[in-house]
Every structure is written in structure tokens, then in C-alpha cells.
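Notes to accompany the following structure.
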Amino acid sequence: MTIVALDLGGTKLSAALLVDRTIRHRTVAPTAARQGPAAVTDQMVRLVQDLPGWEQAERLAVAATGRVHGGRVSALNLSTMPGWTDVPLQEELSRRVGRPVTVLNDADAAAYGEAHLGAGQGLASMMFVTVSTGVGAGIVLNGQLLQSASGVHADFGYLRAGNGSSGHGDREDETVEDGAGEDGNTIEALSGGRALERWTRRHGGTGGAAQLIGWAAGDARAEARLQLAVTTLIRGFGDVRVMTGVEDVVIGGSVGLNPEFFRRLEVCALDQPDLYRVRLRAAVLGADAGLHGAALFTQRERS
Ligand code: BMX
């Protein structure tokens with residue numbers, strides 16, 4: 001089957017032509033998020049139509065950041081995707097590209113991809129967590145992708161891990177908007193790439209989360225901020241394990257797969273009490289997990 005898959009992230013938009021599960025062509029562009037949903041939708045259509053051979057595709061499979069409900073997309077974090085409230089993405093893309101379209105949350109798609117084709121193969125249950133612009137997740141329980149009609153499910157980044165007062169325990173820090181009225185207290189606000197980038201900028205950097213990770217070796221404040229991000233994630237994984245029984249967590253995303261960040265996650269995971277300890281694996285499909293997952297889901301389960 002020939003499918004065009006799209007992965008719409010807060011920072012990056014990718015498109016690929018898949019023929020029988022093999023990626024034949026792939027393009028990546030920075031997401032025009034600041035310009036709002038109409039511009040981003042135009043960008044998606046253009047990316048599809050620029051893929052050589054896209055006319056052969058029978059269907060479009062879309063992995064999109066945000067809450068996906070009945071083919072419509074609403075950002076949880078409107079500061080990442082301004083204007084994305086109840087956007088009829090499925091209908092609009094289908095009308096403009098002339099193909100049936102399936103839309104899934106990006107982290108759900110990546111979880112599905114990793115579970116069937118990547119690091120989660122052989123596991124009945126697992127959670128995939130992407131630490132990227134935001135913190136997204138997908139849960140596979142006894143072989144089934146956890147889903148809900150409202151599109152709110154497995155939103156690990158929206159667990160409230162802070163102590164209820166903004167500021168990340170760092171008075172000079174600034175509140176990170178999360179769109180849920182929980183500024184500064186969600187896991188995303190404490191551990192997401194955008195939050196770490198903002199901290200780095202406030203301390204004179206320009207290189208985002210990767211720069212903070214580099215600073216941590218010789219700077220006590222950067223070390224403390226990075227460790228807060230790591231510990232918050234690991235404690236959250238432990239809480240998910242206690243609730244669901246999921247003991248394996250596959251980590252993805254540009255921040256999550258940074259070798260030093262991943263190493264710190266592993267050290268911290270081993271340090272947890274038995275009840276809260278999870279096993280970590282690095283995603284193997286890397287940046288293509290959402291594309292593969294959306295395409296496979298479309299072929300097998302179509303929703
Ligand atoms: C946010 C949320 C999730 C998404 C996750 C990772 C928005 C726009 N997105 O928690 O739906 O799965 O980020 O997305 O509210 P990414 O953009 O970091 O890849």
C-alpha cells in the first residue's frame with residue numbers, strides 16, 4: 001500500500017511517501033506555527049504535493065501535536081500552536097488532497113510505531129514518551145493503543161508534578177505557559193524542550209536545551225535545572241507504573257534522545273524505589289517514529 005504520512009510537531013513538520021512500509025521520499029520543514037492553522041495546513045498540503053510520486057498514495061496518515069478528537073485538532077499548549085482550537089484538519093486535508101485522511105496524536109502515532117516496528121517489539125504494554133518541544137506520550141496496554149473520544153489520554157506532559165506555585169523552585173525563572181491553567185507545574189513546563197530553551201535564553205544562551213545540557217557539567221544552576229527536568233520525568237514514569245502496571249518506557253524526541261539527557265534518565269531510573277522503577281529503552285525509529293506509526297495505524301486500524 002502507498003501512503004503519504006505527515007508528522008506535525010511544534011517545531012518541525014515532516015512528510016514521507018511510504019510504499020509497503022518503506023520510506024521512499026522524506027521532506028522536513030520548520031513548522032510555520034506562529035502563522036496559525038491556515039498557514040500550517042497550506043504548508044502540509046504543499047509538502048505532500050512536493051513529494052515525488054505522491055499521486056500514487058491511496059491515503060494520508062497524519063500524526064499531529066495536540067488533542068485529536070474526531071479528526072479535529074486542539075492544542076493543549078496554545079503557546080506552541082497558536083490558534084489551534086477545534087481545527088478540522090482531517091476534513092480540510094482530505095478535501096484539498098483528494099484522499100481519505102486519518103489523524104492521530106503525534107505521540108500516540110510514535111508509540112504505535114515503536115510498539116510494532118521499533119523498541120517496543122515483543123512488549124505487551126509500554127509507554128512511549130517524547131521529550132521534544134513539549135512532552136507527549138502514548139500508551140500501549142496489552143497490545144492496544146490507549147485512545148479516547150475526547151483525545152485526552154496518555155497526556156503525560158500534563159500530569160501536575162510541580163508544587164502548585166510557579167517558578168520551578170528557581171525564583172529567577174519565569175512561568176512556562178502550558179495552556180492548562182497549571183503554569184509552571186506540569187511535567188511539560190518542568191521538563192519540555194521549550195521550557196529548557198526558555199531557561200537557557202534567560203541565562204544568556206541561544207542554543208536551547210542542548211546548550212543547557214552542555215552547561216550542566218560546569219555550572220551548578222544549570223545542573224540543578226537539568227536534574228529537575230530529569231527527576232520530574234522519572235518520578236512521573238514511576239507514578240504511571242503504579243497506576244497502569246506499565247514497566248517499560250520508550251524514550252524519544254530530540255531532548256529525550258540527547259545521549260547525556262538519556263544517560264541521566266537511566267541513572268535516575270535505577271535510583272528509584274522498587275515500586276516506582278521502570279525500564280527505559282531509547283526509541284529506534286528516531287525522528288521517523290510518528291511517520292511510520294501513523295502509516296501503520298492507518299493501514300491496520302483506520303479511525
Ligand atoms: C504537547 C501537546 C501534545 C503533544 C506533545 C509533544 C500541544 C500542541 N501538544 O504536550 O499533544 O503530543 O506536546 O508534541 O498541545 P511535540 O510538538 O513536542 O512533538
Side-chain angles (χ1 to χ4, degrees), residues 5-14 28-34 36-37 40-41 43-44 62-69 72-87 89 103-114 127-139 145-148 150-161 176-198 208-209 229 232-233 236 240 250-258 261 283 285-291 293-294 297:
L6 285 157
D7 189 350
L8 170 63
T11 307
K12 204 177 62 175
L13 170 62
S14 344
V28 185
T31 307
R34 299 287 121 221
V40 172
T41 309
Q43 201 186 9
M44 294 172 94
V62 180
T65 188
R67 181 164 78 82
V68 179
H69 43 108
R72 307 171 87 85
V73 181
S74 298
L76 292 163
N77 193 337
L78 279 162
S79 68
T80 308
M81 297 296 281
W84 283 75
T85 303
D86 210 19
V87 174
L89 189 66
V103 186
L104 267 185
N105 167 265
D106 59 349
D108 284 345
Y112 195 83
E114 287 291 341
M127 176 163 72
F128 168 83
V129 175
T130 172
V131 189
S132 47
T133 314
V135 175
I139 293 181
L145 182 66
L146 180 71
Q147 290 189 286
S148 68
S150 69
V152 178
H153 53 262
D155 284 304
F156 177 76
Y158 280 76
L159 297 184
R160 297 177 291 184
V176 175
E177 294 168 41
D178 57 38
E182 285 292 338
D183 294 346
N185 288 300
T186 62
I187 289 183
E188 178 162 298
L190 292 161
S191 307
R194 190 54 61 79
L196 300 182
E197 181 185 354
R198 198 188 290 216
T232 300
L233 289 166
V240 170
V250 175
I251 303 290
S254 53
V255 179
L257 291 177
N258 173 296
F261 194 88
L285 301 176
D288 292 336
L291 296 169
F297 186 88

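Atoms within a ligand are numbered from 1 in the order they appear, just like the ligands themselves. Values reported hereafter were calculated over all heavy atoms of this structure, with side chains retained and with hydrogens, waters and symmetry mates removed.
A 4.5 Å side-chain heavy-atom check between S150 and H69 finds every atom pair outside the cut-off. A 4.5 Å side-chain heavy-atom check between W84 and L8 finds at least one atom pair inside the cut-off.
Per-residue contacts place L76 under 4.0 angstrom from the following atoms of ligand 1 (heavy atoms of the residue considered): 7 (C), 15 (O). Each of the atoms 17 (O) of ligand 1 lies under 4.0 Å from some heavy atom of G9. Every atom of ligand 1 with a heavy atom of G136 under 4.0 Å away is listed here by number and element: 5 (C), 6 (C), 12 (O). Taking a cut-off of under 4.0 Å to the non-hydrogen atoms of Y158, the atoms of ligand 1 that pass are 10 (O). Of all the atoms in ligand 1, the ones that sit under 4.0 Å from a non-hydrogen atom of G10 are 17 (O). Shown in contact with G134 at under 4.0 Å from a heavy atom are these atoms of ligand 1, numbered in order with element: 13 (O), 18 (O). Near M81, with a cut-off below 4.0 Å to any heavy atom, the atoms of ligand 1 are 8 (C). For ligand 1, the atoms sitting less than 4.0 Å from at least one non-hydrogen atom of S132 are 16 (P), 18 (O), 19 (O), numbered in the order shown with element in parentheses.
For ligand 1, the polar-atom distance check against T133 finds a nitrogen or oxygen pair separated by under 3.5 Å.
When only modelled atom types and interatomic distance are considered, S132 and S254 share no side-chain donor-acceptor pair under 3.5 Å. Side-chain atoms of Q147 and D108 include no donor-acceptor pair closer than 3.5 Å. Under the 3.5 Å distance criterion, with hydrogens and angles disregarded, no donor-acceptor pair is assigned to the side chains of N105 and H153.
The shortest contact between atom 3 (C) of ligand 1 and any protein heavy atom is with G66 N, 3.8 Å. Regarding atom 1 (C) of ligand 1, its nearest protein heavy-atom neighbour is E188 OE1, 3.0 Å.
Heavy-atom distances between W84 and ligand 1 stay at or above 4.0 Å for every pair. Taking 4.0 Å as the cut-off, G157 does not count as a neighbour of ligand 1 on heavy-atom distance.
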message = Could you go through V73 and M81, starting from their C-alpha distance and side-chain angles, then the distance that decides it, and tell me whether this counts as side chain to side chain contact (heavy atoms under 4.5 Å, CB included)?
response = CA-CA 10 Å; V73 181; M81 297 296 281; over 6 Å; no
Q | side chain to side chain donor-acceptor pair (under 3.5 Å) evaluation trace for T11 with T31 | A | CA-CA 5 Å; T11 307; T31 307; over 6 Å; no
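Annotation for L104 and A294: closest pair CD1-CA, 4.3 Å, computed over non-hydrogen atoms. Of all the heavy atoms in G10 and T80, the pair that sits closest is CA-CG2, 3.7 Å. In this structure, S79 and P82 approach most closely via the heavy-atom pair O-CD, 4.2 Å.
By the criterion of a heavy-atom distance under 4.0 Å, the side chain of D106, and not its backbone, is placed next to ligand 1. Proximity of T11 to ligand 1, defined as any heavy-atom pair under 4.0 Å, is not found for any part of the residue.
Scanning V68, D7, N77, T65 for the heavy atom closest to atom 4 (C) of ligand 1 points to T65.
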